[in-house]
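Report on one structure; see the data block that follows.
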2 protein chains.
Amino acid sequence: MSHTAEIIAVGTELLLGNITNTNASEISRALSAVGVNVFWHTVVGDNPERLREALDIARKRADVILTTGGLGPTYDDLTKQTVCETFGKPLVLREDVLEHIRTYFARNVHLTMPENNRQQAEFPADCVIFDNPVGTAPGCAFEAEGVHVLMLPGPPFEMRTMLQNWAVPYLRGLSKEVIVSHDIMTFGLGESPMEDLMRERISRMENPSLATYAKPSEVRLRATAKADSAAAAEAMLVPVVKEVTDYLGDVVYGVDIPNLETVCMTHLKEKGWTFATAESCTGGQIAARITALSGASSVYRGGVVSYWTSVKAEVLGVPQTLLDQYGAVSEECARSMAENARRITGADIGLSVTGVAGPDPDERNNPVGLVYVGLASPDGTWCRKLELGKRRRDRIQDLAANHAYDMLRRCLTGLPIEKSSTGKHMEKL
Amino acid sequence: MSHTAEIIAVGTELLLGNITNTNASEISRALSAVGVNVFWHTVVGDNPERLREALDIARKRADVILTTGGLGPTYDDLTKQTVCETFGKPLVLREDVLEHIRTYFARNVHLTMPENNRQQAEFPADCVIFDNPVGTAPGCAFEAEGVHVLMLPGPPFEMRTMLQNWAVPYLRGLSKEVIVSHDIMTFGLGESPMEDLMRERISRMENPSLATYAKPSEVRLRATAKADSAAAAEAMLVPVVKEVTDYLGDVVYGVDIPNLETVCMTHLKEKGWTFATAESCTGGQIAARITALSGASSVYRGGVVSYWTSVKAEVLGVPQTLLDQYGAVSEECARSMAENARRITGADIGLSVTGVAGPDPDERNNPVGLVYVGLASPDGTWCRKLELGKRRRDRIQDLAANHAYDMLRRCLTGLPIEKSSTGKHMEKL
């Protein structure tokens with residue numbers, strides 16, 4: 001039987017927006033990986049009445065309640081007390097844990113334990129104690145009236161450690177079911193066209209199930225299977241992933257890959273190739289995205305941010321005559337930028353972007369969103385013209401960078417380079 | 001009378017942990033700034049029963065309900081329908097909004113509107129429509145039975161725009177009390193030294209109040225005043241902002257300024273100066289951060305991402321002898337990179353970064369986190385040596401970029417350039 005969980009984060013800081021509830025997403029990933037369905041996240045302040053109310057609601061709708069925060073030594077750390085009141089369990093002092101905390105202070109903090117840390121050694125009767133190797137606040141878990149309650153500390157690093165060391169094994173013990181997901185990454189189709197293409201499959205499929213997730217400039221398809229074992233779930237996913245990737249064709253750039261630059265890095269390493277960049281309206285973003293990946297130096301040599309036309313001419317070597325005749329925002333300029341990025345760095349491939357990111361048209365009155373993306377390789381030079389319309393500046397830059405990496409990906413895998421989608425889905429663009 | 005709010009985020013992706021609920025913290029900050037107390041955050045999936053249950057709970061305990069997500073065009077975008085059922089309001093098609101969405105598609109997406117976007121033009125009867133300038137999903141707000149319900153889209157950039165344009169003014173209209181905040185931006189002191197310096201003031205002050213917010217590589221101090229008019233609140237804040245900025249001295253880089261690059265852009269425009277970049281381990285991030293700002297072309301000429309040493313020599317013109325003798329990660333190289341960035345672009349100032357972002361030491365065995373930041377101006381060349389230790393790669397890149405902009409800011413305002421903090425707070429570093 002599969003379990004239903006609610007994650008309750010306790011902390012006024014979260015409600016003030018001083019910190020973001022990253023614990024909830026991290027715990028959610030861990031729980032769905034062990035087949036526990038997370039149906040609710042709740043955040044309450046350091047307030048016993050509202051925490052008790054949240055616990056009363058949660059116990060009615062979930063059979064696993066996981067709390068974070070409120071296990072510290074200060075007066076407003078009330079989670080254990082409030083949980084005990086709600087579930088009618090006594091709070092008892094555990095001498096062994098008290099001793100452990102004293103030792104932790106002596107060893108790691110080089111202090112004698114302050115008296116208010118004493119409450120960190122009090123626990124609900126008959127609970128499993130989650131030892132905390134990286135802090136003073138231990139967690140715990142117990143079952144009462146068919147509900148499993150797990151309490152973890154709030155600081156993300158402590159929470160993470162105890163989630164992996166204690167909570168996940170505890171929950172794995174409760175559930176027979178395993179959930180496995182694979183992400184099919186696409187670029188070149190918008191969310192609505194993708195919905196149109198996939199609607200029938202999405203509504204038809206149950207286990208494995210299929211869902212679309214739109215990122216600002218690409219769409220991810222997630223296939224998820226539930227089974228008694230990881231191996232069984234994987235086996236169920238193989239045909240689904242194949243069916244979807246076959247159906248979508250070359251808009252799929254990979255499976256379980258975080259982004260286009262990562263797949264480009266993989267292909268470049270395989271070929272032993274390097275690339276270079278010449279960026280105008282993306283202003284260094286294409287370079288920043290590849291160099292954000294460790295190991296980028298094996299595939300990326302560098303490039304020029306030719307923001308001013310003079311830099312295009314003098315540093316990159318775009319002919320002044322070309323710039324005078326066609327302007328900096330032109331197919332001719334994009335091609336020359338890509339070719340010169342190759343030439344001056346000695347890279348195998350040159351990628352270039354020139355366009356109008358906005359908010360205003362350029363001095364030649366080219367409209368916002370007009371962008372040319374160039375690629376130069378040993379086999380020739382290509383250019384993709386984009387009319388992205390009057391979107392926000394950062395969206396235009398982000399989309400242009402994605403198009404550049406999409407052209408690179410297509411060049412490296414022998415696909416048509418200038419179109420972002422080919423074959424039967426063209427009309428959906 | 002002060003209001004009590006619950007933020008309900010709708011999205012299965014949040015419950016699967018695929019994305020983190022950053023909207024909730026951002027909305028919480030905005031709401032507390034207008035005097036609305038946020039007491040609960042709730043997350044439910046794309047599931048009408050559970051959303052309805054969450055709304056039923058929320059309407060009993062809050063008089064402001066703000067939802068995010070579920071306003072999109074796809075079949076699982078159910079927020080408006082479910083809210084209408086819960087509050088017994090009919091859902092009506094607004095032809096004017098439908099027309100607006102059609103136009104948006106034609107203008108910005110260069111597509112005829114897919115039919116499933118039609119539901120984005122359906123709204124609760126008698127609601128205020130929140131026009132969405134950056135996407136197709138409008139939001140809305142209505143009052144029913146003493147509860148104000150506001151619906152915003154889920155994608156953070158759309159949510160943020162509509163929060164500021166619509167939700168904040170709407171909520172400000174509900175409250176008599178005016179809350180005004182000013183952010184004092186600092187760079188050069190870590191969070192705990194800042195805490196030590198400010199603790200006494202923070203605990204002493206009530207209205208205006210003072211709080212610190214740490215970002216990965218800088219600390220923001222927020223002074224907040226409550227009064228019956230904005231003017232009165234502003235008047236209360238003047239002496240506080242002056243006291244804090246006087247006390248902290250040159251670690252303060254501005255008030256109500258989003259980041260260091262923005263303050264640099266302002267000073268550069270005043271002086272009519274331009275700058276250029278030469279980046280190694282930051283890989284284009286310094287360039288990307290300035291070009292993210294509209295109007296960057298008036299102060300930023302461009303630069304070189306000299307990721308490979310050969311690019312430092314051949315494109316930037318760093319002498320090969322210097323590279324052989326001192327290596328690419330050296331003060332000498334950083335100085336030469338900055339000077340050459342100036343030279344080849346003709347900019348007034350050159351900024352450079354060379355270092356080891358990790359995860360591994362470089363080929364000369366320089367440790368991860370060793371970074372040299374250079375600045376060359378008409379008056380000379382400066383270099384700041386950073387030992388950032390074995391942090392995450394992106395943290396090192398982000399910190400290095402901040403140090404580069406801090407040096408630029410100091411150069412432009414006549415402050416000592418090589419130290420990130422001077423005067424009485426040095427010992428706190």
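Lettering of chains follows the sequences in order, A, B, ..., and the numbering in each one begins at 1. Since the structure is predicted, the reported quantities are computational estimates derived from the model, not experimental observations.
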Fill in: Gln285(B) side-chain N/O to Thr291(A) backbone N/O, donor-acceptor pair under 3.5 Å
no
Practice prompt. Please answer whether the main-chain N or O of Ser297(A) pairs with a side-chain N or O of Trp308(B) as donor and acceptor at a distance below 3.5 Å.
Written response: yes
Fill in: Leading residue by heavy atom contact count with chain A [cutoff under 4.5 Å; candidates Val304(B), Thr277(B), Thr345(B)]
Val304(B)
Fill in: chain A interface, residue from Arg393(B), Arg29(B), Glu6(B) that has the most non-hydrogen pairs under 4.5 Å
Arg393(B)
Item to complete: Compare all side-chain heavy atoms of Phe157(B) with those of Asp394(A) and state whether any distance is below 4.5 angstrom.
Response: no
Worksheet item: By a 4.5 Å heavy-atom criterion (distance strictly below it), what part of Glu53(B) contacts chain A: side chain, backbone, both, or neither?
Response: side chain
Discussion item. Please report the interatomic distance CD(Glu115(B)) to CG(Asp196(A)), rounded to the nearest 0.5 Å.
Written reply: 10.0 Å
Using distance only, find each side-chain donor-acceptor pair of residues 7-19 of chain A under 3.5 Å and give its atom names and separation, not counting sequence neighbours.
from	atom 1	to	atom 2	distance (Å)
Thr12(A)	OG1	Asp46(A)	N	3.0
Thr12(A)	OG1	Asp46(A)	OD2	3.2

Fill in: Part of Ala5(B) within contact of chain A (heavy atom distance under 4.5 Å)
neither
Fill in: Arg301(A) to Tyr307(B), cation-pi by 6.0 Å centre distance and 45° axis angle
no
Discussion item. Need one label for Val38(B): side chain, backbone, both or neither, based on atoms under 4.5 Å from any heavy atom in chain A.
Written reply: both
Discussion item. Quick check on the interface: out of Gly302(A), Gly284(A), Ser25(A), who has the most heavy-atom pairs with chain B under 4.5 Å?
Written reply: Ser25(A)
Item to complete: Measure across Ser294(A) and Gly358(B) and return the closest heavy-atom pair with its distance rounded to 0.1 Å.
Response: CB-O, 4.4 Å
Worksheet entry | Student check: side-chain heavy atoms of Glu195(A) and Asn116(B) closer than 4.5 Å | yes
Worksheet item: Do the numbers put Arg50(A) on top of the ring of Phe39(B), so that NZ or CZ is under 6.0 Å from the six-membered ring centre and no more than 45° off the axis?
Response: yes
Worksheet item: If you count heavy-atom pairs under 4.5 Å between each of Ala287(B), Gly303(B), Pro155(B) and chain A, which one has the most?
Response: Gly303(B)
Fill in: Part of Leu51(A) within contact of chain B (heavy atom distance under 4.5 Å)
neither
Worksheet, complete the sentence: Counting heavy-atom pairs under 4.5 Å with chain A, the top scorer among Thr136(B), Thr309(B), Val43(B), Ile57(B) is Val43(B)
Worksheet item: Would you say the side chain of Asn21(A) lies within less than 4.5 Å of the side chain of Thr20(B), judging by non-hydrogen atoms?
Response: no
Practice prompt. Would you mind checking which part of Gln397(B) comes under 4.5 Å of any heavy atom in chain A, side chain (CB onward), backbone (N, CA, C, O), both or neither?
Written response: side chain
Worksheet item: So do the side chains of Lys390(A) and Tyr104(B) get within less than 4.5 Å of each other, counting heavy atoms only?
Response: no
Worksheet item: So which part of Asn47(B) gets closer than 4.5 Å to some heavy atom of chain A, the side chain, the backbone, both or neither?
Response: neither
Worksheet item: Tell me, side chain or backbone of Thr282(B) under 4.5 Å from chain A's heavy atoms, or both, or neither?
Response: backbone
Item to complete: List in chain and number order the residues that pass side-chain contact (heavy atoms from CB on, under 4.5 Å) with Pro258(A), two or more places apart in sequence or in another chain; answer none if no residue qualifies.
Response: Thr262(A)
Discussion item. Quick check for you: among Ala24(B), Ala292(B), Gly72(B), Gly346(B), which has the greatest number of heavy-atom pairs under 4.5 Å with chain A?
Written reply: Ala292(B)
